[in-house]
Amino acid sequence: MGQKEPPGGYTGAETTGFVSPAGDSLEGPIDLETALDLRRPNRYLVRVSGDALREHGILSDDILVTDAAVPPRVGAVAIVMLHGEVVVARLALKDGTWWLQSGRRGRHNVAVPEDAEIWGVATALVRDRM
């Protein structure tokens, strides 16, 4: 059997050292649409604005893959429609009531009122910078 040509013509010759014997198993280009299953009708991308969840590793301008079909669960990062605004927060449950947990120290948790809607749950995070 002949060797497959690695994606992009990479052969390993451009590196110092030796050509990797794993060159036959180099993965092809990664398609984020497929990897994150973005074609599902209930999947949406939501860009984060602000640093309220920085302590949870979510930064301003990060992109959350959000699934509107995933039920809310304790500890999940959720997208909530609250008083006409979109809010991103971690969920807590106390005495049968959902609460939005702030990621900032010293900020109080907020009970989710009946007129608010837990719109979706974040299932993945995409960051386009390091």
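The basis for the numbers below is simple: all heavy atoms, side chains too, and nothing from hydrogens, waters or symmetry mates.
Considering only residues two or more places apart in sequence or on other chains, Trp119 meets the ring-ring contact (aromatic ring centres under 6.0 Å, His included) condition with Tyr44.
The line from CG of Leu32 to CG of Asp37 is 12.5 Å long, rounded to the nearest 0.5 Å. Taken to the nearest 0.5 Å, the CG atom of Leu36 stands 11.5 Å off from the CG atom of Asp67. Interatomic distance, Leu38 CG to Glu33 CD, rounded to the nearest 0.5 Å: 6.0 Å. Summarising the geometry, atom NE2 belonging to His83 is positioned 6.0 Å from atom CG belonging to Asp115; distances are rounded to the nearest 0.5 Å. Here His56 contributes atom NE2 and Gln101 contributes atom CD; the two are 6.5 Å apart, rounded to the nearest 0.5 Å. Separating the NE2 atom in His108 from the CH2 atom in Trp99 is a distance of 11.0 Å, to the nearest 0.5 Å.
Two residues are said to be in side-chain contact when any heavy atoms from C-beta on lie closer than 4.5 Å; Val77 and Ile58 meet this criterion. A heavy-atom distance below 4.5 Å is not found between the side chains of Val74 and Leu91. Here the side chains of Ile79 and Leu64 are in contact, with some heavy-atom distance below 4.5 Å. Using a 4.5 Å cut-off on side-chain heavy atoms (C-beta onward), Thr66 and Thr123 make no contact. The shortest side-chain heavy-atom distance between Asn109 and Leu100 does not fall under the 4.5 Å cut-off. The closest side-chain heavy-atom distance from Val112 to Thr97 is not below 4.5 Å.
A donor-acceptor pair under 3.5 Å is absent between the side-chain atoms of Arg127 and the main chain of Asp62, judged by distance alone.
Cluster membership for Leu53 and Val87, using ILVMFWY side-chain heavy atoms within less than 4.5 angstrom, is not shared. No continuous path of ILVMFWY side-chain contacts below 4.5 Å connects Leu45 to Met81, so the two sit in separate hydrophobic clusters. Under the 4.5 Å side-chain heavy-atom criterion for Ile, Leu, Val, Met, Phe, Trp and Tyr, Ile118 and Val86 are members of distinct hydrophobic clusters.
The hydrophobic cluster containing Leu59, built from Ile/Leu/Val/Met/Phe/Trp/Tyr side-chain heavy atoms closer than 4.5 Å, comprises no other residue. If you chain together ILVMFWY residues whose side-chain heavy atoms come under 4.5 Å of each other, Val70 ends up grouped with Val121.
Nearest heavy-atom pair across Gly50 and Ser60 is N-OG, 3.1 Å. Smallest separation of non-hydrogen atoms from Ala111 and Pro113: O-CD, 3.1 Å. In terms of heavy-atom proximity, Val80 sits nearest to Ala116 at CG1-CB, 4.4 Å.
Classification of Arg129 and Asp61 as a salt-bridged pair fails, no side-chain N sitting under 4.0 Å from a carboxylate O.
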